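Only a predicted model underlies this, so the values are computations on that prediction, with no experimental measurement involved.
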Amino acid sequence: MVKKSRIVYFFLIIFALAALMIPTTEKIVNGIELGLDLQGGFEVLYEVEPQEEGQEITDETLQNTVAALTQRVNILGVSEPNITIEGDNRIRVQLAGVEDQQAARELLSTEADLSIRDVDDNERLSGNDIRENSASVNFGDANNPIVTVSLKDGDQFGEVTENIINEYSPPNNRLVIWLDYEEGDSYEEEATKEDPKFISAPAVNEPLYTQDIQIEGDFSVEEAENLADILNSGSLPVNLEEVYSNSVGASLGEQAMDKTIFATFIGVGLIFLFMLVYYRFTGFIAVLTLTTYIYFVLAAFNFIQGVLTLPGIAALVLGVGMAVDANIITYERIKEEIKYGRSILSAYRSGARRSLGTIIDANVTTLIAAGVLFYFGTSSVQGFALMLIVSILVSFITAVLGTRLLLGLWVNSRIFNKKPKVFGVKERDIHEP
């Protein structure tokens, strides 16, 4: 006798899933953050080097450097930058959607160490003498943009200017303002160049006992704002040496995403077609659970705020293959039991039980490999590993538990009793017990 209530439960579950998935899928997909290879941007891997001889690169030093870089990234207006520490002396910066990548690279690597020196390159004031976040943009008498900073001690600046007047006669009575002065730099040499490395070199004709000083140069408004922002972000506690960089244009990222999504639809579509043709009704059950699997993988990835990359999409397709493999193992076990002459209900229960151990072993071993890749890998490798981990966990719920629930409702309704063809088994292949 057919238990129609089981079939009704089946359709209620399908309708409930459809009611959940249809109105929310677009929102979930649009809410997933895309990686550099899909939306464009660039990444730089820096090796952290000490600024001074004997300086140790500690975990605290790396954390302070990350904090300074984060402040600078905020100047660019980049949403959700990814700045991570790798190993003992490396920092990876990933910025998506940056249009002027060269300007961003220069901004990140600039030490932002402001110093005031005399014409003989002796340091009179350093960045430590400037108040934090005191830099701002103003306009001079000729309506030219200038940068104003405040010193911690106005008397100290007065003494510096007085000493300059006493020690140097015109035209050498100057305060030379440097940004990122390096050993070997020379005012005398730079002054002869059309574009010198120092910012400005104003003459000092009288002592200036004031906390506010003005930095004038051949600035545009944008350049003045950038200089003020850099000074406010603070100087880097270390030197950064670029060891690797990769950039992807926004148009290339869009093309890569379109092609990858198209390939994903083709791959998943072929899997669905194979299951429907070869496994018939049970293949239809597999298509339902795989569709649910893809939805919940994307939902979980969105929930944990994962970054979707090209390798991540590849891991998603690989996960579909692994999920359908769990279905195939289960279906083949059921077919074997039917061929041994068991009833449909008995074959289903036995086949589902016998296949579970194999499926768990396969998923656990893959999960271990993915975990190792995520822990030791970097950048896109971690993206692949994270998507694979999520896929494995979700596939166990949908492809194993979901398939057993949906198929079990039909089998337990007894509608398939004495109908082995539904499971792809011919009468002549069944051996009498």
Side-chain angles (χ1 to χ4, degrees), residues 1-14 17 266-294 296-297 317-367 391-433:
M1 178 179 178
V2 177
K3 298 180 180 180
K4 295 182 179 180
S5 61
R6 302 297 177 93
I7 300 176
V8 172
Y9 291 151
F10 171 85
F11 284 106
L12 286 176
I13 292 173
I14 298 303
L17 288 173
I266 295 297
V268 173
L270 289 175
I271 291 174
F272 285 2
L273 182 62
F274 169 79
M275 294 301 294
L276 290 171
V277 171
Y278 191 81
Y279 287 99
R280 303 175 188 178
F281 180 78
T282 53
F284 172 69
I285 297 292
V287 169
L288 293 177
T289 57
L290 288 173
T291 302
T292 307
Y293 154 82
I294 295 173
F296 281 110
V297 166
V317 178
L318 177 61
V320 173
M322 294 183 61
V324 79
D325 184 56
N327 284 290
I328 290 174
I329 292 173
T330 301
Y331 297 160
E332 289 297 327
R333 293 290 191 189
I334 294 173
K335 288 171 66 176
E336 287 179 8
E337 296 297 324
I338 294 174
K339 290 178 181 179
Y340 288 145
R342 296 179 182 270
S343 67
I344 298 297
L345 181 59
S346 176
Y348 164 74
R349 291 174 177 173
S350 178
R353 184 179 64 254
R354 290 179 57 194
S355 63
L356 184 60
T358 303
I359 295 171
I360 291 176
D361 290 344
N363 280 274
V364 168
T365 53
T366 308
L367 196 61
S391 298
I392 293 171
L393 296 176
V394 174
S395 71
F396 189 81
I397 297 173
T398 58
V400 178
L401 302 181
T403 297
R404 280 163 169 72
L405 172 63
L406 296 180
L407 184 57
L409 289 173
W410 283 93
V411 171
N412 286 296
S413 73
R414 303 184 187 278
I415 195 173
F416 293 144
N417 282 359
K418 298 181 180 181
K419 295 179 181 179
K421 289 185 178 180
V422 174
F423 294 88
V425 179
K426 298 178 180 179
E427 295 282 353
R428 66 172 181 269
D429 294 330
I430 299 175
H431 306 288
E432 293 297 329

Partners of R354 by salt bridge (charged side-chain N to carboxylate O under 4.0 Å, His left out), sequence neighbours excluded? E337

For the atom pair OG1 (T358) and CD1 (I329), what is the distance rounded to the nearest 0.5 Å? 6.0 Å

Looking at NZ of K335 and OG1 of T282, how far apart are the two atoms once the value is rounded to the nearest 0.5 Å? 8.0 Å

If you round to the nearest 0.5 Å, how far is CD1 of I271 from CD1 of I328? 9.0 Å

Please tell me if the side chains of Y331 and L407 come closer than 4.5 Å, counting only heavy atoms from C-beta onward. yes

Within the structure provided, determine whether N363 and S395 are in side-chain contact (heavy-atom separation under 4.5 Å). yes

For a quick check under 3.5 Å, do R404 and S355 share a side-chain donor-acceptor pair by atom type? yes

Quick one: does L290's side chain get under 4.5 Å of I294's, heavy atoms only? no

Salt-bridged, K339 to E336, with N to O below 4.0 Å? no

Would you check if I359 and D325 make a side-chain contact, meaning some heavy-atom pair closer than 4.5 Å? no

According to the interplanar angle, ranging from 0 to 90°, do the rings of Y278 and F274 count as parallel (below 30°), tilted (30 to 60°) or perpendicular (above 60°)? parallel

Do L405 and F10 come close enough that some side-chain heavy atom pair is under 4.5 Å? no

Hey, are the side chains of M275 and F284 touching, using non-hydrogen atoms and a 4.5 Å cut-off? no

Distance (rounded to the nearest 0.5 Å) between S413 OG and R6 CZ: 8.0 Å

